[in-house]
Amino acid sequence: MAAEPQRWPADDESKPAPGPLLRVQALVNTVELPAGPDRLADAADARPWLIDQGLLAPGTALSDADLQQLRDVREALRALLLRNGDGPAPTEAELAPLRAVAAGGAARAEFDADGAVRLAAAGESVSERLVELLLIVRDAQRDGSWARLKVCANDECRWAFYDRSRNHGGTWCEMSTCGNKLKNREFRARRKASR
């Protein structure tokens with residue numbers, strides 16, 4: 001039986017993505033930037049969470065290379081989410097981990113009880129299971145929910161949040177923290193420039 005995952009700030013997400021897209025958000029939020037704790041730094045802490053998220057089959061080995069791949073994919077996804085918030089397009093180097101998952105993975109078709117077809121990752125390893133996140137991204141891009149998953153505009157934060165605003169103009173994970181900090185910084189810069 002797997003140990004209970006350690007509680008993590010992302011476990012009580014204040015702006016959660018809907019349905020399966022929450023799994024992508026949860027992976028991106030496995031580290032507190034710029035230098036906070038990283039849920040994927042240690043196999044003992046990562047293992048129960050990865051099993052709970054369906055990214056590792058119970059009884060499957062978890063190597064340092066697997067953890068590095070997860071961290072690389074996490075940052076590639078963060079680059080995509082930055083673009084969703086009108087940031088720069090991801091570079092080829094940033095996309096490389098996602099391209100590697102896509103090139104090395106496979107999916108299989110499954111049928112739900114009501115006969116609906118669903119694609120799922122084929123395989124037990126972390127690398128094989130990451131394909132499922134790419135399928136989630138593809139589905140979210142098709143239904144329009146992908147554009148609402150963003151990262152905080154505060155470059156010292158970059159926490160993933162789901163933008164539920166009517167105009168899709170959400171910028172910060174929390175206005176009370178990151179939003180106020182950046183607005184105050186911009187105000188001081190304008191004030192200094194006008195002197």
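Along the sequence shown, residues are numbered consecutively beginning with 1. Just so it is clear, the values below take in all heavy atoms, side chains as well, and ignore hydrogens, waters and symmetry mates.
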- Message: Looking at every non-hydrogen atom in both residues, tell me the closest pair between Ala107 and Leu135 and how far apart they are.
- Response: CB-CD1, 4.0 Å

- Message: Can you tell me how far apart CG (Leu149) and CG (Asp163) are? Round to the nearest 0.5 Å.
- Response: 10.0 Å

- Task: Using the side chain to side chain contact (heavy atoms under 4.5 Å, CB included) rule, take Lys15 and Arg164 through it: C-alpha gap first, then chi angles, then the decisive distance, then the call.
- Result: CA-CA 8 Å; Lys15 295 181 179 181; Arg164 295 186 185 276; over 6 Å; no

- Evaluate side chain to side chain contact (heavy atoms under 4.5 Å, CB included) for Val126 paired with Leu55, printing each intermediate quantity in order. CA-CA 6 Å; Val126 167; Leu55 293 173; 5.6 Å; no

- Message: Is the shortest side-chain heavy-atom distance between Leu134 and Leu98 below 4.5 Å?
- Response: yes

- Query: Where do Arg23 and Ile136 come nearest, in terms of heavy atoms and distance?
  - Reply: NH1-CD1, 3.7 Å

- Task: Please check if the side chain of Asp66 supplies one atom and the backbone of Ser63 the other of a donor-acceptor pair under 3.5 Å.
- Result: yes

- Item | Same apolar cluster (I L V M F W Y, side chains within < 4.5 Å links), Leu95/Leu27 | yes

- Can you measure from CD (Glu132) to CZ (Arg129) and round to the nearest 0.5 angstrom? 7.5 Å

- Are any non-hydrogen side-chain atoms of Thr171 and Asp86 less than 4.5 angstrom apart? no

- Message: Keeping Asp112 on the side-chain end and Gly115 on the backbone end, is there a donor-acceptor pair under 3.5 Å?
- Response: no

- Side chains of Glu13 and Trp159 in contact at under 4.5 Å (non-hydrogen atoms): yes

- With a 4.5 Å heavy-atom cut-off, do Glu128 and Val101 have their side chains touching? no

- Tightest non-hydrogen contact, residues Glu156 and Pro34, listed as O-CD, 3.2 Å

- When hydrophobic residues are tied together by side-chain contacts of less than 4.5 Å, even through go-betweens, does Leu133 share a cluster with Phe161? no

- Gap separating the CZ atom of Arg74 from the CG atom of Leu67, nearest 0.5 angstrom: 10.0 Å

- Check for a donor-acceptor pair, side chain of Asn84 on one end and backbone N or O of Trp146 on the other, with a separation under 3.5 Å. yes

- Item | Side chain proximity check, Leu40 to Val31, heavy atoms < 4.5 angstrom | no

- Message: Do Pro90 and Arg83 make a side-chain contact, defined as non-hydrogen atoms from C-beta onward lying under 4.5 Å apart?
- Response: yes

- Query: Can you name the closest pair of heavy atoms from Pro16 and Leu22 and give their distance?
  - Reply: CB-CD1, 4.0 Å

- Item | Nearest atoms (heavy-atom pairs only) where Cys178 meets Asn154 | SG-ND2, 3.3 Å

- So do the side chains of Arg118 and Phe111 get within less than 4.5 Å of each other, counting heavy atoms only? no

- Going through the distances and angles, do Gln69 and Ser127 end up as a side chain to side chain contact (heavy atoms under 4.5 Å, CB included)? CA-CA 8 Å; Gln69 181 182 31; Ser127 185; 3.3 Å; yes

- Please answer whether the main-chain N or O of His168 pairs with a side-chain N or O of Lys150 as donor and acceptor at a distance below 3.5 Å. yes

- Message: Any heavy-atom pair between the side chains of Glu75 and Val28 that's under 4.5 Å?
- Response: no

- Message: Nearest 0.5 angstrom please: Gln25 CD to Thr30 OG1, how far?
- Response: 11.5 Å

- Query: Hey, what do you get for CD (Glu92) to CZ (Arg99), rounding to the nearest 0.5 Å?
  - Reply: 4.5 Å

- Item | Side-chain donor/acceptor of Arg108 to backbone N/O of Leu119, under 3.5 Å | no

- Item | Exercise: identify the closest heavy-atom pair between Asn29 and Ala160 | OD1-N, 2.8 Å

- Query: With a 3.5 Å cut-off and no angle check, do the side chains of Gln68 and Asp72 form a donor-acceptor pair?
  - Reply: yes

- Message: Can you tell me how far apart CG (Leu56) and OG (Ser125) are? Round to the nearest 0.5 Å.
- Response: 8.5 Å

